Amino acid sequence: MSSVDVLRAALTRAAVAIGAPEDVQPSLERPRDPAHGDWATNLAMTLAKPLGRKPREVADALIAALDAKGAGLAEASVAGPGFINFRLATADLAGGLARVLAAGTSWGHGTGGQGRSANVEFVSANPTGPLHVGHGRQAALGDAIASLLTSQGWKVTREFYYNDAGVQIQNLALSVQARLRELAGEPLAIPEGGYHGEYIKDIAATYRAERADDPRGDDLEAVRAVAVRALRHEQDLDLRAFGVQFDHYFLESSLYTDGKVDATVAALTRSGHTFEDDGALFLRTTAFGDDKDRVMRKRDGTFTYFVPDVAYHVTKFERGFTRAINVQGADHHGTTARVRAGLQALALGVPKGYPEYVLHQMVTVMRGGEEMKISKRAGSYVTVRDLIDEVGRDAVRYFLLMRKGDSQLVFDVDLARSQSEENPVYYIQMAHARLSGIFRVGEVDVASIDGSGVEWSALGEPEERELVKALLDYPDFVAAAADALEPHRVANWLLETARLVHTWYHKHHVLGEPEPVMRARLALARAAQLTLASGLGLLGISAPERM
RNA sequence: GCGCGAGUAGCUCAGCUGGAUAGAGCGUCGGCCUCCGGAGCCGAAGGUCGUGGGUUCGAAUCCCGCCUCGCGCACCA
């Protein structure tokens with residue numbers, strides 16, 4: 001039982017003793033200003049009305065009824081309109097670090113997922129070009145969300161969905177064909193909606209080398225196959241450079257070859273929610289909250305992307321995923337209502353909010369005060385690889401994760417490049433490296449730091465108390481971030497905690513201090529090192545021991 | 001026009017799901033190197049939280065209206 005739980009229980013007993021209902025749930029929060037103490041409660045203010053007394057009066061009564069010593073309190077006082085501020089005895093506060101050390105690398109893990117399975121689908125780029133910055137944001141977000149859920153006891157599958165069956169693939173094949181014909185001496189004629197990047201030329205060259213018998217690319221199907229293969233490989237390299245690993249790649253084309261598209265159309269038709277109009281087959285998605293009925297089968301007899309999308313999500317449900325989380329750019333938000341509507345129309349027992357969507361806004365890349373728009377390779381956009389080559393994987397990850405997904409994000413390349421205090425990712429990694437340095441210089445075996453025999457009351461400096469609190473709050477932050485599917489909360493926590501580490505490190509020494517102080521500070525340093533490494537790990541960022 | 005998102009310091013953004021005097025990074029200005037990493041630390045200036053109402057002990061946070069910006073509004077994905 002942590003010291004907060006002890007305090008909350010004591011507070012509950014005191015509240016009941018002065019007449020509050022048995023089921024009272026006192027809320028405890030960290031005061032913004034550390035001078036106000038370690039914990040604060042607004043309980044007196046919420047009880048004032050039901051008890052018919054003034055808030056401050058209730059607060060005084062609560063304090064009088066409270067078993068302060070039993071709750072590990074050094075002090076309890078009334079402040080402001082009726083807050084009660086608590087200060088824990090240092091030994092009770094810092095003693096919490098024993099739990100950090102005992103948990104080790106699993107500090108911050110929770111059990112909310114209860115081993116249920118979750119599917120996190122992200123990136124899901126069409127194999128029509130290298131991954132761009134937006135995909136990068138998705139990769140960073142999706143991977144971190146998957147890690148967060150894993151940390152909370154979910155069994156997570158990272159999944160990539162290739163839209164390899166649509167019009168855009170056709171355009172890709174035609175673009176490569178146009179380059180082939182250019183190589184054959186004909187004038188260049190890239191089709192409307194085609195692709196212009198340098199990589200198309202590379203693919204044409206590859207095709208030419210493999211198919212000397214077809215220099216003009218007349219075998220469009222073969223051209224398509226070569227192009228898709230090349231770009232899937234290309235994207236794999238991008239993802240590997242970024243350190244993202246998928247558990248499963250799902251091909252849209254398989255939905256057709258496996259008959260799942262036809263089966264879905266048949267099932268939807270059977271459901272009675274479809275109708276024909278002007279030669280096209282519609283699904284009445286408006287009956288399930290969409291703002292407009294959607295076409296399933298076009299007049300030309302082909303399906304819209306919406307049908308395989310529904311078929312695909314049926315497979316997620318059938319594969320047993322309790323949750324399906326889709327990370328997508330906000331420009332796709334129109335699809336959420338119709339996919340859900342399609343699933344509801346099938347009446348398979350899929351929950352209403354299935355799948356869940358995490359949408360992110362656009363990324364603007366800035367360099368030298370100007371927007372960066374062009375990549376040599378892709379022509380019209382900045383690729384993930386450009387950024388990784390320029391600022392490194394860790395910085396790219398951090399910068400793409402430090403903002404809430406639904407804020408637009410400005411990626412400052414110059415800042416991400418700089419290896420100094422001004423760069424948050426270096427700042428955080430430096431904190432970890434410094435702590436590691438203490439053990440290295442002191443020749444301390446970190447495995448021997450398990451919290452036993454430590455005099456926790458030795459950690460009474462204000463900088464120590466603040467750092468201890470941050471470390472003890474970490475699991476709550478992770479759980480909240482996982483719950484909200486918002487990795488940026490972890491990024492912010494890391495920056496704040498790194499600051500506390502630097503401040504503490506600068507002001508207090510560890511090695512060479514008297515034995516009890518040194519032992520206690522080594523325990524604190526180890527707890528901080530473990531926790532920083534854990535947070536960085538959740539975001540897919542390395543925790544270097546030296547830099 | 002409709003839907004979604006965003007409007008918080010000069011710039012980029014947090015604000016823990018309603019709490020105390022609204023924070024951080026960058027930028028600007030000023031300090032600190034006998035000492036486990038100065039790749040660091042300390043301090044200062046800088047705000048009508050877009051705007052007008054409402055809810056209540058208490059609102060950047062919740063509700064309604066309005067204004068700006070972004071993204072969608074396909075028989076494209």
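Owing to the predicted nature of the structure, the values given are computational and were not obtained by experimental measurement. The figures here come from the full heavy-atom set of this structure, side chains too, leaving out hydrogens, waters and symmetry mates. Note on naming: letters A, B, ... go to the chains in the order of the sequence lines (proteins, then strands), and numbering restarts at 1 for each one.
At a threshold of 4.5 Å between non-hydrogen side-chain atoms, the residues H36(A) and R87(A) do not count as touching. Contact annotation: the side chain of T383(A) never approaches that of H132(A) to less than 4.5 Å [non-hydrogen atoms, C-beta and beyond]. In this structure, F282(A) and T274(A) have side chains that are not in contact, with every pair of non-hydrogen atoms separated by 4.5 Å or more. When side chains are defined from C-beta on, F399(A) does not count as touching L409(A), because their heavy atoms never get closer than 4.5 Å.
Each of rG3(B), rA77(B), rG38(B) was ranked by its minimum atom distance to the side chain of Y505(A); first place goes to rG38(B). Nearest nucleotide to the side chain of N163(A), out of rA77(B), rC26(B), rC13(B): rA77(B). Among the nucleotides rA20(B), rC36(B), rA24(B), the one closest to the side chain of V510(A) is rC36(B). Closest approach to the T503(A) side chain among rU12(B), rA6(B), rC42(B) is made by rC42(B) (side chain taken as heavy atoms from C-beta onward). For L511(A), counting side-chain heavy atoms from C-beta on, the closest listed nucleotide (rC41(B), rC36(B), rA20(B)) is rC36(B). Considering only side-chain atoms of K298(A), the nucleotide from rC13(B), rC76(B), rC71(B) that sits closest is rC76(B). With distances taken from any side-chain atom of P424(A) to the nucleotides rG19(B), rC75(B), rG25(B), the minimum falls on rG25(B). Checking rG19(B), rU17(B), rA20(B) against the side-chain heavy atoms of A40(A) singles out rA20(B) as nearest.
Rounded to the nearest Å, the gap between the P atom of rG27(B) and that of rG40(B) is 11 Å. rG30(B) sits 15 Å from rG46(B) when the C1' atoms are compared, rounded to a whole Å. Nucleotides rC26(B) and rG43(B) are separated by 14 Å at their P atoms, to the nearest Å. Across rA45(B) and rA22(B), the matching P atoms stand 14 Å from one another, rounded to whole Å. The gap from the C1' atom of rA9(B) to that of rA24(B) amounts to 11 Å, rounded to the nearest Å. The same atom, P, is picked in rU61(B) and in rA20(B); the two are 13 Å apart, to the nearest Å. The same atom, C1', is picked in rU17(B) and in rC41(B); the two are 35 Å apart, to the nearest Å. Here, rG25(B) and rC63(B) have their C1' atoms 34 Å apart, quoted to the whole Å.
Heavy atoms of L409(A) sit under 4.0 angstrom from primed sugar atoms or phosphate atoms, though from no base atom. Heavy atoms of M296(A) sit nowhere under 4.0 angstrom from any nucleic acid atom. In this structure, N42(A) reaches the bases: a heavy-atom distance under 4.0 Å links it to at least one base atom across the strands shown. Across all strands, D293(A) comes closer than 4.0 Å to no nucleic acid atom at all (heavy-atom distances). If you check every strand for non-hydrogen atoms under 4.0 Å, H360(A) touches nothing. Across all strands, A480(A) comes closer than 4.0 Å to no nucleic acid atom at all (heavy-atom distances). Here G437(A) lies in heavy-atom contact (under 4.0 Å) with sugar-phosphate atoms only. Residue contacts shown for A525(A) are absent, as no nucleic acid heavy atom lies under 4.0 Å away.
The aromatic ring of H506(A) does not sit over the base of rG40(B), since the test of centres under 5.5 Å and planes under 30° is not met. A stacking contact links F83(A) to rA20(B): the aromatic ring centre lies within less than 5.5 Å of the base's six-membered ring centre, and the planes differ by less than 30°. Remark: ring of H509(A) overlaps the six-membered base ring of rC36(B) in a stacked fashion, centroids less than 5.5 Å apart, planes less than 30° apart.
If you find the closest nucleotide of RNA chain B to G166(A) and to L415(A), the one lying nearer the 5' end belongs to L415(A). Both R30(A) and H502(A) sit near RNA chain B, but only R30(A) has its closest nucleotide nearer the 5' end.
Look at CZ on F411(A): it is 13 Å from C1' on rU12(B), rounded to the nearest Å. Atom CZ in F399(A) sits roughly 15 Å away from atom P in rU12(B) (whole-Å rounding). Look at OH on Y426(A): it is 18 Å from P on rG38(B), rounded to the nearest Å. Look at CD on E371(A): it is 13 Å from C1' on rG70(B), rounded to the nearest Å. Atom CG of L47(A) and atom P of rG58(B) are 18 Å apart (whole Å).
OP1 or OP2 of rG38(B) sits under 4.0 Å from a side-chain N or O of R434(A). In terms of phosphate contacts, R32(A) brings no side-chain nitrogen or oxygen within less than 4.0 Å of OP1 or OP2 of rC16(B). For the pair R489(A) and rC16(B), the criterion of a side-chain N or O lying under 4.0 Å from OP1 or OP2 is not met. Between Y427(A) and rC41(B) there is a side-chain N or O to OP1 or OP2 distance below 4.0 Å. Within the 4.0 Å cut-off from OP1 or OP2 of rC75(B), not a single side-chain nitrogen or oxygen of T302(A) is found. At the phosphate of rG3(B), neither OP1 nor OP2 sits under 4.0 Å from any side-chain N or O atom of K292(A). Within the structure, a side-chain polar atom (N or O) of H488(A) is placed less than 4.0 Å from OP1 or OP2 of rG15(B). Between K49(A) and rC57(B), a side-chain N or O to OP1/OP2 separation shorter than 4.0 Å is present. Remark: K404(A) is in phosphate contact with rG15(B), judged by side-chain N or O atoms under 4.0 Å from OP1 or OP2. The side chain of S407(A) contributes an N or O atom lying less than 4.0 Å from OP1 or OP2 of rA14(B).
Base orientation for rU17(B): syn, the chi torsion being within 90° of 0. With a glycosidic angle more than 90° from 0, rC71(B) adopts the anti conformation.
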Using the side chain to side chain contact (heavy atoms under 4.5 Å, CB included) rule, take T41(A) and L11(A) through it: C-alpha gap first, then chi angles, then the decisive distance, then the call.
CA-CA 9 Å; T41(A) 184; L11(A) 201 51; 3.9 Å; yes

Practice task
Could you please spell out the steps behind the side chain to side chain donor-acceptor pair (under 3.5 Å) verdict for H313(A) and R340(A)?
Solution key: CA-CA 9 Å; H313(A) 284 88; R340(A) 286 175 177 166; over 6 Å; no

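For RNA chain B, if you chain together Watson-Crick or G-U pairs that step i with j, i+1 with j-1 and so on, the runs of at least three with distances under 3.5 Å are B:1-7 with B:67-73, B:10-13 with B:23-26, B:28-32 with B:40-44, B:50-54 with B:62-66.
Side-chain contact, Q235(A) with R232(A): no donor N or O sits under 3.5 Å from an acceptor N or O. There is no side-chain donor-acceptor pair under 3.5 Å between Q152(A) and H109(A).
Aromatic ring centres of Y161(A) and Y312(A): separated by under 6.0 Å. Aromatic pair H273(A)/F288(A): centroids less than 6.0 angstrom apart. Two rings, from H502(A) and Y427(A), have their centers less than 6.0 Å apart.
No donor-acceptor pair closer than 3.5 Å links the side chain of W504(A) to the backbone N or O of H509(A).
The base of rA77(B) is not paired with the side chain of D331(A) by any donor and acceptor separated by under 3.5 Å.
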